[in-house]
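Below are the structure tokens for one structure; questions will follow.
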Amino acid sequence: MSDGRFIEVPYRMLPGETLDALLESFVTRQGYDTTDTGEGMRGWVAELKRQLERGELLIAHDLQTETTEVLTLAQWRAFGRDLADDEEEG
């Protein structure tokens, strides 16, 4: 969205505990089976961190609602955004 409502938050800027909490919330919200990894929630958090590193997930902050969420690229694009939008702005 070009109205500037959503901004991408670089995951490396977040304190470790905050990032872990966001990722745990994402796992719960998406309904992931935490027994799949053999390591429970910790395993999913580690996998999601790898996805963040590969650029498959991102963290977005909604300036209107003041909420921060983990999104897939498909979800981000559903908001009408492209990652290049943010790069042009900053």
Side-chain angles (χ1 to χ4, degrees):
M1 299 187 152
S2 60
D3 62 5
R5 177 177 170 184
F6 298 95
I7 59 170
E8 182 181 359
V9 177
Y11 72 93
R12 289 182 178 99
M13 292 182 64
L14 297 173
E17 290 179 9
T18 302
L19 179 59
D20 288 352
L22 280 171
L23 295 175
E24 288 174 10
S25 175
F26 181 79
V27 167
T28 302
R29 190 173 60 252
Q30 297 297 316
Y32 290 0
D33 181 355
T34 55
T35 62
D36 285 350
T37 65
E39 296 180 38
M41 182 65 77
R42 188 170 18 130
W44 273 115
V45 167
E47 172 58 30
L48 294 175
K49 284 180 180 177
R50 289 188 290 273
Q51 290 180 30
L52 283 167
E53 290 170 1
R54 292 189 304 259
E56 297 169 2
L57 294 177
L58 58 92
I59 297 172
H61 183 73
D62 183 335
L63 296 171
Q64 188 174 49
T65 63
E66 297 186 4
T67 58
T68 304
E69 299 290 340
V70 177
L71 300 174
T72 65
L73 287 180
Q75 290 169 323
W76 180 248
R77 290 183 178 130
F79 286 118
R81 298 297 303 265
D82 190 315
L83 293 178
D85 292 345
D86 288 335
E87 293 170 3
E88 291 171 8
E89 293 172 9

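Atoms considered below: every heavy atom in the structure, side chains included; atoms not considered: hydrogens, waters and symmetry mates.
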Point to revise | Presence of salt bridge, Asp20 and Lys49, under 4.0 angstrom | key: yes

Review point. For the atom pair CG (Leu23) and CZ (Arg42), what is the distance rounded to the nearest 0.5 Å?
Key: 14.5 Å

Review point. Closest heavy-atom contact between Ala60 and Leu71?
Key: CB-CD1, 3.7 Å

Exercise for review: State, to 0.1 Å, how close Arg5 and Thr65 come at their nearest heavy-atom pair, and which atoms those are.
Suggested key: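 Result for this residue pair: NH2-CG2, 3.8 Å.
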
Check your understanding: After noting the C-alpha distance and the side-chain angles of Asp62 and Glu69, does the key distance pass the side-chain contact (heavy atoms from CB on, under 4.5 Å) rule?
Key -> CA-CA 8 Å; Asp62 183 335; Glu69 299 290 340; over 6 Å; no

Practice item. Indicate yes or no for a side-chain donor-acceptor contact from His61 to the backbone of Glu8 under 3.5 Å, with no hydrogens or angles considered. Key: no

**Study point:** Side-chain heavy-atom pair Leu52, Leu19 within 4.5 angstrom cut-off
**Key:** yes

**Study point:** Closest contact, heavy atoms only, Tyr11 versus Ile59
**Key:** CB-CD1, 3.7 Å

Review point. Is there a side-chain contact between Thr28 and Trp44, using heavy atoms and a 4.5 Å cut-off?
Key: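 Answer no - side chains too far apart.
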
Practice item. Kindly compute the distance separating CG (Leu57) from CD (Glu47), expressed to the nearest 0.5 Å. Key: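 So the gap between those two atoms works out to 9.0 Å.
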
**Study point:** Smallest separation among heavy atoms of Thr72 and Phe26, with atom names
**Key:** CG2-CZ, 4.2 Å

Practice item. Quick one: pull up CE in Met13 and OG1 in Thr18 and give me the separation to the nearest 0.5 Å. Key: 12.0 Å

Point to revise | Cationic N near anionic O, under 4.0 Å, Glu53 to Arg50 | key: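 No.
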
